[in-house]
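One structure is given below, encoded as structure tokens.
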There are 2 protein chains.
Amino acid sequence: MAATPLFRRIDVAPAYQKVADAIEREIINGRIKPGEPIGTEQQLVAQFGVNRSTVREGIRVLEEGGLIRRDSSRRLQACLPRYNKLATRLSRALILHEVTFRELFETSMTLEIASVEGAVERATEENIAELAGNLARSADVVGNPADLAELDAEFHVLMAKASQNRVLQLAREPAAQLFFPTTEMIVGGVPEGGARLVEAHRHILDAIRRRDKEAGVLWTRRHLQDWRRGFEKIASLDRSVEHTYMEHAYAARQ
Amino acid sequence: MAATPLFRRIDVAPAYQKVADAIEREIINGRIKPGEPIGTEQQLVAQFGVNRSTVREGIRVLEEGGLIRRDSSRRLQACLPRYNKLATRLSRALILHEVTFRELFETSMTLEIASVEGAVERATEENIAELAGNLARSADVVGNPADLAELDAEFHVLMAKASQNRVLQLAREPAAQLFFPTTEMIVGGVPEGGARLVEAHRHILDAIRRRDKEAGVLWTRRHLQDWRRGFEKIASLDRSVEHTYMEHAYAARQ
DNA sequence: CTTATCGGTTTGTCCGACAAAGCTAGATTT
DNA sequence: AAATCTAGCTTTGTCGGACAAACCGATAAG
């Protein structure tokens, strides 16, 4: 151990970072509530006593972090970070780490089962109505892989929502964003794939309605295993989530 | 449905965003690999034909997103986004959404069990050695809540690592960052709390060694339920993860 | 009451500048 | 000759000022 230092460590964080931190603190500890304005750049310049360029760099940091956004008129305001935006970043991180579909599948299995269990326990009438609406639309486009894949992703989001557990909603999102874009290829590649998917959704919703946890888990498991079988016809589970898949997810998102 | 539009939607993204997107694309699709230099600000100014202020705003966006960082000499280089940094953002999002400890607990239970199952199946000798090292250190500080809490968090990170599933590692991180800071208060507030914690870790590690999934799950469940009982002595599970807890997590991180 | 117009703000971008810190390579010392 | 020092060049962080375009609010015109 070294001797007790005479001086405290000097803070050498660049000014733009300090600006970002200062604003962030006010939002995190609730002094600025979501929706409230932060002030104009000019005001921030005056308050912090730094140049506008510096303020703007700080603002970019917070904007990217999802803590502030610009409303219709581009004025700054605090906001609730949206899961989706952050989850997108995480998904990209997963891509760069070259995770495999096996990892993705295993984790999604865990999270979707937790999701359906929560939904069976706590889904409200409104949740069930949303799921039913999704199911009806799915039945209409059973022959169209692209539309069906989109509705499938939505079905699982709604299921997570029905679980009333926001932490779970958040935790499943990054994996889901990588997982579900492949649904289109799989449904398109397997005859009867679309019908099986809708059938599974129907049973899951039915289980949620009847508060039958066992059935919900069973059909969710079958549903995901269908995905897996379909996927293995196209590629190896141990292949990394390639950039090609990412581009697919990308195109769908924009 | 509207008629087919005559014109494509005109692109109005600000220049700094385009700069960020352009660099991001190069990294995501692998043309720039992690560790490779991006170039100096001056070079980017020349390549994109925009002002340096604009380039710098774009850089801040990417930096915050974790796609690029500055090395020792502050030169820009691509990098693998760190889970931790992104997870921190997500944790903050959870705070702002005022999630409850019940949600946190339920999801953590799911993820930690998945984690131990993976570890039992696939832990390497090295993983086990790391866990054993952690356990030994924990036994030494069993009377010190702060140190023990930190080692507990590490134990669970190592367990997730031992599962060899990076998606799972990532998915559990945001919840864990909110969950484990409370360990200190709980261990400190419950007599024998520290001993029970180390005991549970010992059994979990033992189960991983023996590849005994049932025992691993059992002890993980007990371990978390201990946390829950301890927590309920201090506060209600249905209370939101208050800013006070966040500040706690914050202080520990910095 | 709706529409058009006109300043005043605010943002996005640009230009130029400078101190501090890092790097490079030639000069100096041992 | 090898190690060290030094001076100069580069790069980053910050600053000040500037301007066009978009936006807001209010007033004037139909």
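A, B, ... follow the sequence lines: proteins, then strands. Residue 1 opens every chain.
Whole-Å rounding puts the Phe48(A) CZ to dT14(D) C1' distance at 16 Å. Regarding Asp71(A), its CG atom lies at a distance of 12 Å from the C1' atom of dT11(C), rounded to whole Å. Between the CZ atom of Arg75(B) and the P atom of dG22(C) there is a distance of 11 Å, given to the nearest Å. The distance from atom CD1 of Ile59(A) to atom P of dT11(C) is 7 Å, rounded to the nearest whole Å. Nucleotide dT14(D) holds its C1' atom 13 Å from the NZ atom of Lys18(A), rounded to whole Å.
With sequence neighbours left out, the side-chain hydrogen bond (donor to acceptor under 3.5 Å, both in side chains) criterion links Arg70(A) to Glu41(A). Looking at residues two or more places apart in sequence or on another chain, you find no salt bridge (Lys or Arg N to Asp or Glu O under 4.0 Å) involving Glu36(B). Scored by the salt bridge (Lys or Arg N to Asp or Glu O under 4.0 Å) test, Arg82(B) finds no partners at all (sequence neighbours excluded). Looking at residues two or more places apart in sequence or on another chain, you find a side-chain hydrogen bond (donor to acceptor under 3.5 Å, both in side chains) between Gln164(A) and Asn127(A). Listed by chain and number, the residues in a salt bridge (Lys or Arg N to Asp or Glu O under 4.0 Å) with Arg60(A) are Glu63(A), Glu57(B) (sequence neighbours excluded). With sequence neighbours left out, Phe105(B) forms a ring pair (Phe, Tyr, Trp, His ring centres under 6.0 Å) with Trp227(B). With sequence neighbours excluded, no residue forms a salt bridge (Lys or Arg N to Asp or Glu O under 4.0 Å) with Arg75(B).
For the residue pair Ser163(A)/Asn165(A), the side-chain donor-acceptor check at 3.5 Å is not satisfied.
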(request) List the protein contact pattern of nucleotides 13-21 of chain C with one symbol per nucleotide (5' to 3'): B for base contact, S for sugar-phosphate-only contact, - for none; contact means a heavy-atom distance under 4.0 Å. (result) BBB-B----
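Using a 4.0 Å cut-off on heavy atoms, the residues of residues 35-46 of chain B that approach DNA chain D are Thr40(B), Glu41(B), listed by number.
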